[in-house]
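So you know, we letter chains A, B, ... as the sequences are listed, proteins then strands, and number each from 1. Worth knowing before you read on, the calculation uses all heavy atoms, side chains too, and leaves out hydrogens, waters and symmetry mates.
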Amino acid sequence: MLVIINNSGESNYRSKKNKLFLGLVILLSLLTISPVVLIIYKLIAKGIHQINLSFFTETAPDTLAAMTAINNGEIIPGGILNGITGTLFMVTLASFMAIPIGIMIGIFLYENTEKKYAAIIRDISDIMQGIPSIVLGLIAYLWIVKNVTNGFSALAGAVALTIMMLPLIIRSTEETLKMIPQSIKEAGFALGVPYHKVMLRVLIPSSLSGLLTGILLAISRVLGETAPLLLTALGSPIVNLNIDKPTSAVPLLIWDFYNDPNMVDLIWSSSLFLMGFVLTLNLISKRIAAKRT
Amino acid sequence: MVFSLVSGSIPVFNEYGFKFIFSSAWNPTEGREEYGALSFIAGTVITSIFALIICIPLAFATSLFIGEYFRGKWFAKGLGTMIDLLAGVPSIVYGLWGFYVLRPFIVDLGLSTQGYGIFTSGLILAIMIIPYATSISTEIISMVPNDLKEAAYSLGSTKLEVIFNVIVPTARSGIFASFILAFGRALGETMAITMLIGNTNAIPKGLFDTGNTMASVIANQFGEADGLKLSALIAIGLLLFVITALINAAGKFIIKKFA
Amino acid sequence: MITSCGNTEQKADSSSSGKKVALTAAGATFPLPYYNLVFKNYTKTQGTLVTYGGIGSGGGIRSLKDRVVDFGATDAFLSDKKAADMPAKVIHIPTCLGAVVVAYNLPGLEEIKLSNELLEAIFMGEITNWSDAKIKAENPGANFPTLDITFVHRSDGSGTTYIFSDYMSKISSKWETEVGRGKSLKWPVGMGAKGNPGVAGTIKQTIGAIGYIGSEYAFAQKIPYAKIKNSSGNFIEPSIESISASANVEIPADTRVMLTNSSDPYAYPISGFTWIILYKEQSYNGRSLAQAEGTVNFLNWLIDKEAQAIAPLVHYAPLPKKAVERAKEILKSTTYSGRPILKQ
């Protein structure tokens, strides 16, 4: 595996190569985050003036109010409260479904790595990641909207989001568990601890940071989804917390704003909100992970 | 789920047979309808692979930065948070940003007269999938047991050698899985691509030519589709499913063979 | 995981009686800003919640077919074939008018005129430069630059494209045979952008670009557009009045008519209705009488003075009197278990 070389010229070359690589890593990392900086800059520049108290406490404005405000040089009135509550509602519902199912499937795959059916499940989960979200929305439409709620509903939206969250959670769970030294698990068994306790008390806590990363990514991904929600949750002008009624969401409002010539400006502030939301989740999950380890 | 897709695509395969896959004709006008998926397959594969090629070095370098070189440092954590933020940008915002910022920039550079096309959308796609590859790889890299690394250092290895001789082999499966997930995301991305690829239903002739992708044509046409056209779109969804499966399998084969 | 696509099983809904009525609708994106505004207005004044989702005309038709909405909205009326595909008789109610304007980006040129021959030549890709003699001949005095013409069209299927291509098919036999009419087309030239905002944005940023966008969008964003020659030979600028005027023609009893190339001398020729569609027999899927009445009363309000007066404020053309009369007749034909819903 490793060859030890005593030649000093060779080691000089190695150390140079080492430094060069570090430089490359730093350069590429900076390049990677440059779009974040540019996008956030653009969002703040175009969106921050819209964000005030009513942005969080009022429902979406109509086109006439927006037009009047623009013509008078005022900021567009109203807010995105119906979107915020809808997004929170549906993402919470979806998380309650996707996180336990995803982690369980992930554990299952980890325990049965070599089995053929595990490989099939793993492949299906990977492939699901590549299905356009609109197709997943259509499936939730066929299952839930047509047959369960008999109309557009928050439940259908949540199911569509669940299907989208699963592959990320499954894969990150499995891969994180794999990195935990086998010995920890075996030590648990050796002490006579039952299987489920080893899982809950040992494996999951020690892989918590990885699990949270997967969950967080999954939530971040679905927060901004428009197309599947359009086919399932539809949207709503009011705050709705009824599971079988149409519900709005921030991306649905963004879609409405995008299509409305008078409200285009609201896209930027709404997006800024979504990013702020992701940031908050991120900080919370990092805090949790840091406390546990 | 597969059943829904298969049953939905039966009419179009009945009509055209396998010609549907190998034809690049696309005419949705009622009365002279003609559907073929080849231009979209080509557009999808080209943009996604282009995006992945850009994504791999950037994501790998960033994972090393956060998970190995500067692990636990405040600026590494900050970098990680920023990468996670990238995942939270709604697809439509990537599209708008690409439309208002990136596209004019590409025109200014003189790379293309319109700024639309494979190159622009591939670039946006790369930015979009980086967080998926980076976040998971970082986790995996930082979980490589310390004793393994220390053993290598004690033998006089440089950091670079530890990375390629210890970390990469140990974390291989996880890193690879993260790229598969990222690639899958690239294949299925719609909104941002739609806004930047130019949406011409023909096989792209070069990196700066306009084209269209499978996911994009589905999203574009879905709202107004019915009958044979709806079936054609669902069939494209099915094909996308199959292509993702094939690429997955190919990737796994490669990793088995060379690692 | 079981899916049942063709499930038409009727489920009795017992919970809706006695509850406050709430309506759900989905469909076309073209009237979305107007609908969001008037629907909200109705909720404020009458207390009935109306939810609308802009999922596209096709989606609206599909939702009505699957009976998951109270009514759908579409920019193109159902053809006889599509109407026959629906599980029951569907009626069309026009709600307002819109037009498609030909927008362009030529700095310094405030006004251009385009005849039918020019439209054909430009959009078929026969004229590729703005300095073409044929364009100059139609616009004496205007100083056209030597610049390539970039045609931008919609990439998504849309009613806007349908109205545009319907007009093109009426004025150009070449267009009709080679391209035809539809919500999405096989384009001879140009590139596609997503939605009105995509087309408008591309035109704004590309000197020498030309494309078609919804009138409401062009008016609100103050995008320069061309005057188009109508069937009487007048060059007409699109405006609320000239768009409404296009409906001053013989309207069939079921209002299923394309208003493009209207015979009215003051009509802007690329105009059209947008419709709401619903089932004539409102008793289905266990719908309550209250739900049926709520739906029909709301639509009756939507075509009446109060709602129609709001349309022009947000750049939509209101229905002319005759169209309103037709629409009212149609609404009167709705029934619940065979009995008319509207009180005379």
- Message: Is B:L85 close to chain A through its backbone or its side chain, or both, or neither, when contacts mean heavy atoms under 4.5 Å?
- Response: both
- In terms of heavy-atom proximity below 4.5 Å to chain B, should A:V135 be classed as side chain, backbone, both, or neither? side chain
- Task: Could you tell me whether the side chain of A:N18 and the main chain of B:T158 form a donor-acceptor pair under 3.5 Å?
- Result: no
- Message: So for A:I124, is it side chain, backbone, both, or neither that comes closer than 4.5 Å to the heavy atoms of chain B?
- Response: neither
- Item | Atom group of B:L181 that falls short of 4.5 Å from chain A, counting heavy atoms | both
- Going by distance alone, is a donor N or O of one side chain under 3.5 Å from an acceptor N or O of the other, for A:S172 and B:E139? no
- Message: Need one label for B:F164: side chain, backbone, both or neither, based on atoms under 4.5 Å from any heavy atom in chain A.
- Response: side chain
- At a heavy-atom separation under 4.5 Å, does A:F277 approach chain B through its side chain, its backbone, both, or neither? neither
- Item | Under 4.5 Å from any heavy atom of chain B - which part of A:L136 | side chain
- Nearest non-hydrogen partners of A:V36 and B:L86, listed with the distance: CG2-CG, 3.4 Å
- What heavy-atom pair brings A:Y258 and B:L96 nearest, and what distance separates the two atoms? CE1-CD2, 3.9 Å
- Turns out that what part of B:V144 lies under 4.5 Å from chain A's heavy atoms comes down to both
- Query: Does any non-hydrogen side-chain atom of A:S29 lie less than 4.5 Å from one of B:L79?
  - Reply: yes
- Message: Using heavy-atom distances under 4.5 Å, tell me whether A:L138 contacts chain B through its side chain, its backbone, both, or neither.
- Response: side chain
- Task: Check B:I140 against A:M179 and note the closest heavy-atom contact, atom names and distance.
- Result: O-CE, 3.5 Å
- Measuring heavy-atom distances to chain A, does B:L58 have an atom under 4.5 Å in its side chain, in its backbone, in both, or in neither? both
- Task: Tell me, for A:L223 versus chain B, whether the close heavy atoms (under 4.5 Å) come from the side chain, the backbone, both or neither.
- Result: neither
- Query: Is it the side chain or the backbone of B:T190 that comes within 4.5 Å of chain A heavy atoms, both, or neither?
  - Reply: side chain
- Task: Could you look at A:I163 and say if it's the side chain, the backbone, both or neither that has a heavy atom under 4.5 Å from chain B?
- Result: side chain
- Query: Non-hydrogen atoms of chain A under 4.5 Å away: do they reach the side chain of B:M214, the backbone, both or neither?
  - Reply: neither
- List in chain and number order the residues that pass side-chain hydrogen bond (donor to acceptor under 3.5 Å, both in side chains) with B:S178, two or more places apart in sequence or in another chain; answer none if no residue qualifies. B:S137
- Applying a strict 4.5 Å limit to non-hydrogen atoms, the region of A:K19 in contact with chain B is neither
- Message: What part of A:I26 gets within 4.5 angstrom of chain B, counting heavy atoms only: side chain, backbone, both, or neither?
- Response: both
- Message: Ring-plane angle category for B:Y100 and A:W268, please: parallel below 30°, perpendicular beyond 60°, tilted otherwise.
- Response: tilted
- Message: Surrounding NZ of A:K42 (heavy atoms of other residues, nucleotides or ligands, distance under 6.0 Å), is the total greater than 12?
- Response: yes
- Under 4.5 Å heavy-atom distance to chain B, tell me which part of A:L216 shows up: side chain, backbone, both or neither. side chain
- Item | chain B contact via A:L231 - side chain, backbone, both or neither, heavy atoms under 4.5 Å | side chain
- Turns out that what part of A:N282 lies under 4.5 Å from chain B's heavy atoms comes down to side chain
- Check whether A:I134 gets within reach of chain B through its side chain, its backbone, both or neither, counting any heavy atom under 4.5 Å. side chain
- Task: Give, as side chain, backbone, both or neither, the part of B:I163 having an atom under 4.5 angstrom from any heavy atom of chain A.
- Result: side chain
- Per-residue contact mode, B:F183 against chain A (heavy atom under 4.5 angstrom): neither
- Item | Least distance between heavy atoms, B:A177 atom then A:E175 atom | CB-OE2, 3.7 Å
- Task: Go through the atoms of B:Y69 and report whether side chain, backbone, both or neither lie under 4.5 Å from a heavy atom of chain A.
- Result: side chain
- Message: Checking A:T213 against B:S135: is there a side-chain donor and acceptor pair closer than 3.5 Å?
- Response: no
- Message: Which residues pass the side-chain hydrogen bond (donor to acceptor under 3.5 Å, both in side chains) test with B:T47, not counting sequence neighbours?
- Response: none
